[in-house]
Student: 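Encoded as structure tokens, here's the structure I'll be asking about.
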Amino acid sequence: MKVALITGGSRGIGAAAVETFAKNGYTVILNYNNSKSKAKALQQRLLAENCDVHLYKADVSDIAEVSAMFGYVSKYFKHLDVLVNNAGISCTAQIQDVTEAEFDSVMSVNAKGVYFCCKYALPVLAKCNGTIVNIASIWGVRGASCESVYAMSKHAVVGLTRSLALELSDFGITVNALCPPMVLTDMTSGYTKDEMSAFCADTGTPIYSPKQIAQQIYDIALSGLNGVVAE
Ligand code: NAP
């Protein structure tokens, strides 16, 4: 049995990743925080298609909840083949308007959450030469005007990926990151068509669907690569 845990699996890219891994025969642990009904609906739809999907509620910015989540994985599944650190939140504002609470919340979910999910997943990943896929962003490798906290948190994810790729190879664990540009999800639903066109022109990137990014996550998880930060 191959097991994958996907954080933020209730919506957007994470939900598409849950579906991709589940339909490829993985037992999937779908982590959600607030969107219980969406998580449940996705689970029910996939169970009806003979997939194996389990729900686990945890706020990835809460270390006690993260520790308990990987305790649950260890107890019921024994090992973990793939950890996808996908849960994330955005913040669009100029630096002079960003509050301490907004700063803390973005860094807690996007950087601290990824860090401690990696830490607490280690014992179960090490049992099977598991792999970690961190979802960073194009703003994890480039600067983003009016998204400085978000970009900072995603640069942290890239730094963590490169560091753990070196540090965890002794455990047989590989660590890679994906840096998607614009993906059509709730996170980007506030963008107008003109803003999307400007984004594509400025970055030289196309717009992706969650399903396309989910396939990239799946492909990099199975690639055997280590330390890759894929734009
Ligand atoms: P989304 O549609 O807004 O979904 C965000 C997901 O993260 C939800 O499932 C949400 O779960 C979960 N989440 C948020 N805070 C959480 C917490 N504290 N604990 C656990 N789960 C939490 O976002 P998305 O566009 O799919 O983004 C997914 C990832 O891709 C993020 O890391 C984002 O930064 C990155 N990304 C997105 C884009 C883009 O253009 N959309 C581009 C590059 C990178 P609940 O609803 O259950 O709370």
Side-chain angles (χ1 to χ4, degrees), residues 5-20 28-43 53 55-70 83-92 101-102 104-118 120 132-142 144 147 149-158 160-161 177-191 195-196 198-200 202-203 205-214 216-217 220 229-231:
L5 187 149
I6 295 157
T7 68
S10 51
R11 295 184 284 120
I13 294 169
V18 167
E19 180 157 3
T20 299
V28 178
I29 302 150
L30 184 172
N31 157 254
Y32 68 96
N33 189 30
N34 293 316
S35 302
K36 183 177 183 179
S37 56
K38 288 191 175 168
K40 188 100 191 136
L42 177 58
Q43 181 196 36
V53 177
L55 304 185
Y56 193 95
K57 181 190 166 1
D59 177 347
V60 297
S61 69
D62 183 320
I63 296 173
E65 291 188 18
V66 167
S67 169
M69 177 163 71
F70 290 102
L83 167 63
V84 181
N85 282 311
N86 164 79
I89 57 174
S90 61
C91 174
T92 306
E102 285 169 331
D104 285 346
S105 141
V106 171
M107 292 302 286
S108 293
V109 176
N110 295 7
K112 187 175 95 174
V114 174
Y115 191 93
F116 284 97
C117 281
C118 291
Y120 287 105
I132 298 171
V133 183
N134 292 325
I135 309 307
S137 163
I138 190 171
W139 302 142
V141 284
R142 303 190 198 180
E147 292 195 70
V149 189
Y150 179 77
M152 186 176 164
S153 71
K154 293 301 186 176
H155 274 70
V157 171
V158 168
L160 175 67
T161 302
L178 277 186
C179 299
M182 177 84 69
V183 189
L184 296 174
T185 67
D186 293 343
M187 191 176 273
T188 52
S189 60
Y191 280 76
E195 286 169 338
M196 286 197 185
F199 179 99
C200 293
D202 289 348
T203 58
T205 58
I207 293 174
Y208 287 90
S209 69
K211 194 174 175 183
Q212 288 173 304
I213 302 299
Q216 291 181 14
I217 295 170
I220 204 162
V229 174
E231 253 200 85

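Whatever order the structure lists ligands and atoms in, that order sets their numbers, starting from 1. This structure is a prediction, so every number in the text was calculated from the model and none was measured.
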Student: Name the residues in contact with ligand 1, where contact means a heavy atom under 4.0 Å away: which are they?
Tutor: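 Within the 4.0 Å shell of ligand 1, which is judged on heavy atoms, sit G8, S10, R11, G12, I13, N31, Y32, N33, N34, S35, A58, D59, V60, N86, A87, G88, I89, V109, I135, A136, S137, Y150, K154, P180, P181, M182, V183, T185, D186, M187, T188.
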Student: Which residues pass the salt bridge (Lys or Arg N to Asp or Glu O under 4.0 Å) test with E231, sequence neighbours left out?
Tutor: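 Expected list: R142.
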Student: Does any N or O in the side chain of S189 come within less than 3.5 Å of the main-chain N or O of D186, such that one atom is a donor and the other an acceptor?
Tutor: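 Pair found, side chain donor or acceptor close to backbone of D186.
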Student: What do you reckon, is OH of Y56 surrounded by more than 12 foreign heavy atoms closer than 6.0 Å?
Tutor: yes
Student: Counting only heavy atoms from other residues, nucleotides and ligands, does the tally under 6.0 Å from CE of M107 exceed 12?
Tutor: yes
Student: CG/L30 to CG/L55 distance, rounded to the nearest 0.5 angstrom?
Tutor: 5.5 Å
Student: When you look at NZ of K57, are more than 12 heavy atoms from neighbouring residues, nucleotides or ligands closer to it than 6.0 Å?
Tutor: yes
